[in-house]
Structures are given as structure tokens and as C-alpha cells.
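Reviewing the structure listed below.
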Amino acid sequence: MKRGGKDSDDNSSEEDTADKSKKLRTTNEHSQTCDWGNLLQDIILQVFKYLPLLDRAHASQVCRNWNQVDSSKESAEAACDILSQLVNCSLKTLGLISTARPSFMDLPKSHFISALTVVFVNSKSLSSLKIDDTPVDDPSLKVLVANNSDTLKLLKMSSCPHVSPAGILCVADQCHGLRELALNYHLLSDELLLALSSEKHVRLEHLRIDVVSENPGQTHFHTIQKSSWDAFIRHSPKVNLVMYFFLYEEEFDPFFRYEIPATHLYFGRSVSKDVLGRVGMTCPRLVELVVCANGLRPLDEELIRIAERCKNLSAIGLGECEVSCSAFVEFVKMCGGRLSQLSIMEEVLIPDQTYSLEQIHWEVSKHLGRVWFPDMMPTW
């Protein structure tokens with residue numbers, strides 16, 4: 001009887017285990033069919049409304065879909081409501097960041113300006129301000145200057161269409177402690193560079209300029225005088241001048257016609273051989289160069305010219321371009337060990353009579369003084 005009872009218990013245990021395994025498989029199958037990242041944004045938004053601000057920020061990092069929901073108009077409105085309540089707070093740092101899209105631009109301009117003005121008026125020691133992709137305007141910048149001119153050191157305001165060159169000039173004229181500035185090219189002017197070069201102004205450490213065109217042929221790009229650049233670099237000889245270009249090929253004509261003090265250049269769209277050749281002739285301070293695309297004409301001569309004239313170049317990245325293996329090896333040989341970052345897609349390198357793709361890795365590694373391989377395109 002005991003043996004029979006034990007067998008009965010064993011059978012019951014096996015059945016329980018089988019039931020649990022079946023339920024677990026069913027749960028896993030349900031989890032696999034239910035993709036939480038693809039829930040409707042309206043549903044996710046309703047859930048997010050019940051989350052505290054910090055938890056909502058953490059949730060926005062789970063996946064791209066949740067991030068886009070948290071960067072929605074509702075989030076921007078919530079941020080403005082918070083800013084409006086900071087009447088008894090004196091902030092030192094403020095960053096308004098929309099990672100998915102410029103949601104602050106979806107708000108009524110008056111609502112955003114009113115909330116931002118509360119911060120500007122009550123914060124008498126604001127030193128760092130990041131307001132990219134917002135409807136900030138000239139009058140609100142005047143309020144900023146009136147209350148924080150002695151303390152402001154960093155200002156990032158790329159893609160702020162309601163600010164004029166006169167508005168940013170007002171900031172430069174009054175905020176003599178400003179050390180870092182980021183703005184769009186349409187706000188850059190000879191007057192602004194000269195204001196940043198005045199004896200009253202501290203030496204600028206970082207200037208970022210975004211040169212962006214959304215519609216080919218419809219955006220006019222003005223020319224900055226060489227004398228203005230010269231005055232600027234005399235006053236701030238160690239400044240990092242970072243320029244991001246998102247232009248169409250026919251829009252590069254005003255640029256790189258004479259020497260400019262650019263240290264970092266990023267070309268987000270296709271750029272011609274002619275423009276890259278001009279870069280080598282006009283950017284002797286160049287430290288980093290990134291070219292996302294060029295076309296099907298090899299950049300051998302252009303790379304060699306850059307290596308010859310840009311003695312500080314330490315980082316380069318090439319995407320959809322073509323360079324012969326021999327020219328690339330010569331480029332690396334001329335730059336030597338100062339190339340701390342060398343990101344070149346394997347498809348960029350064209351084998352020739354001197355080097356194959358298998359040989360080039362050894363030759364480049366020898367001149368760099370470290371092991372180097374070209375980057376591989378992912379296969380997924």
C-alpha cells in the first residue's frame with residue numbers, strides 16, 4: 001500500500017509539473033505575441049499620465065516608441081506647467097530636451113514664453129541654458145540677459161526659428177562670461193563674431209554652428225567675412241569651432257572659400273570632391289572630419305591634401321565614399337600615430353595593384369602603432 005501510495009504521489013507530482021510547464025509555455029507564448037513596444041501611443045500616453053516625472057523619464061528609455069510618446073505635446077505642456085511654478089526657485093542649470101521630435105514647437109508660443117520667463121526672472125544665477133528646438137524669441141532673450149548676464153556661461157539654442165541675429169547679438173553684447181555657444185548658421189553674423197571678440201568678453205571655449213537646409217535651392221546662406229573670423233580666433237585661439245553641415249551639393253558655394261578656424265567638421269549629406277578639396281586648403285586647424293557620403297569618385301587627392309595641410313587632424317570617419325587602398329595607406333602614413341580615431345567602412349576602400357583588403361589592415365596598423373581593422377557593415 002505504501003509503495004502504491006508513493007507511486008500515486010509521484011504520478012500526481014508529475015502531472016502538476018506538466019501543468020506548470022504548460023502554463024509557463026502559454027505565458028511565454030502570450031508574452032512573445034504581445035509586443036509592449038508596439039502598443040498604440042494613445043494607450044501608452046494614458047498610462048504615462050499616472051507616472052511620476054522621474055519614472056516617466058525612465059520609461060521613455062525603454063524603446064523608441066515609448067520615447068516618442070514621452071516627447072509628445074502633452075509632455076511639453078507638463079514641462080511648461082512645472083516651469084511656471086518655479087517662482088521661488090533660482091536655477092543654475094536648465095535643459096529642455098526633446099529626444100524624439102521638437103515637441104516644444106507644437107505648443108502655443110505665448111504659453112512657452114510665459115513659462116520660460118518665470119525661470120529667467122526668478123533665476124538670478126543661471127549659468128547653463130539648453131533650449132534647442134523651442135519657440136524662444138528675442139524679447140525672452142532680453143529678459144534672460146537682464147537677469148542673468150553676469151552668470152551665463154553656456155547657451156545652446158540650435159533650431160530656434162523665432163530668434164533673430166539681433167537677438168543673439170544682444171546676448172553676446174551683455175553676457176561677457178559666455179564660454180560655450182551653439183546656434184544655427186542663420187544667426188551667425190560678422191557683428192556676433194566681433195562681439196565675442198571684444199576685450200570685455202572672456203575667451204570662448206566652444207562654438208557649434210549647425211548649417212541646415214530643408215529645401216534645396218530655397219535657403220540663402222550668407223558669407224562671413226574673413227576679417228571677422230581672424231578677429232575671433234585672435235581673441236579665442238584655443239576655441240573649438242564645430243560645424244555640422246546638412247546641405248545639398250549646390251548649396252556649398254559660400255563655404256570654404258577662404259581660411260576659417262574650424263576644428264570639427266561633420267557632413268551629414270553627400271558632399272562633393274570639390275568641397276572636400278577646399279576643406280584641405282582652408283581649414284588648417286581641423287581636428288576631426290566626418291563624411292557620411294560622397295559618391296563614386298575616389299577621394300585620393302583630397303585626403304592627401306588634408307593630411308598635408310591639417311597638421312592637427314586626429315580623427316576621421318568615412319561612410320559612403322571611395323578611396324584607393326594605396327592613397328589611404330599614404331594618408332595614414334602622413335598623419336601617423338596622431339590619428340586616435342580612424343573609422344572607415346570596409347566598402348570605402350578600393351583594392352589596387354599595391355594593396356588588397358587583406359594587406360591594408362597590416363600596413364595601416366604599422367603606421368598607427370596599434371592594431372586596426374576597417375569597420376564592417378552589419379548583416380542584419
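The residues of the chain are indexed from 1 along the displayed sequence. As a basis for the values below, the full set of heavy atoms in this structure was taken, side chains included, without hydrogen atoms, waters or symmetry mates.
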Check whether any side-chain heavy atom of [X] sits under 4.5 Å from a side-chain heavy atom of [Y], and report yes or no.
| X | Y | answer |
| --- | --- | --- |
| Phe232 | Leu207 | yes |
| Val364 | Ile344 | no |
| Leu318 | Glu347 | no |
| Val136 | His162 | no |
| Ser123 | Asn148 | yes |
| Pro298 | Val323 | no |
| Leu116 | Thr134 | no |
| Phe255 | Ile260 | no |

Pair [X] + [Y]: basic N to acidic O under 4.0 Å:
| X | Y | value |
| --- | --- | --- |
| Asp210 | Arg208 | yes |
| Asp230 | Arg234 | no |
| Arg305 | Glu308 | no |

Tell me which one of Val211, Leu247, Leu276, Val290 satisfies side chain to side chain contact (heavy atoms under 4.5 Å, CB included) with Phe267. Leu276
Above 12 or not: heavy atoms from other molecules or residues under 6.0 Å from [atom1] of [X]?
| X | atom1 | value |
| --- | --- | --- |
| Lys142 | NZ | no |
| Arg338 | CZ | yes |
| Glu301 | CD | no |
| Lys273 | NZ | yes |
| Glu320 | CD | no |
| Lys92 | NZ | no |
| Arg257 | CZ | yes |

Do the ring planes of Phe331 and Phe328 sit parallel (below 30°), tilted (30 to 60°) or perpendicular (above 60°)? parallel
Full working for side chain to side chain contact (heavy atoms under 4.5 Å, CB included) between Asn312 and Leu286: CA-CA 6 Å; Asn312 298 317; Leu286 191 62; over 6 Å; no
For residues Ile168 and Leu154: do they belong to one hydrophobic cluster (side chain heavy atoms under 4.5 Å, members Ile, Leu, Val, Met, Phe, Trp, Tyr)? no
Shared hydrophobic cluster, Phe246 / Ile209 (ILVMFWY, side-chain heavy atoms < 4.5 Å): no
Side chains of Ser140 and Asp137 only: does a donor on one sit below 3.5 Å from an acceptor on the other? yes
Would you please test Val202 and His176 for side chain to side chain contact (heavy atoms under 4.5 Å, CB included) and show each step? CA-CA 6 Å; Val202 301; His176 297 147; 5.7 Å; no
Nearest heavy-atom contact between Ile306 and Gly280 is CG1-CA, 3.7 Å
Derivation of the side chain to side chain contact (heavy atoms under 4.5 Å, CB included) call for Leu141 and Cys170: CA-CA 8 Å; Leu141 288 182; Cys170 173; over 6 Å; no
Ring centers of Phe221, Phe245 separated by less than 6.0 Å: no
Under the side chain to side chain contact (heavy atoms under 4.5 Å, CB included) rule, what do Leu96 and Lys156 come out as? Steps first, then yes or no, please. CA-CA 10 Å; Leu96 303 180; Lys156 294 186 176 181; over 6 Å; no
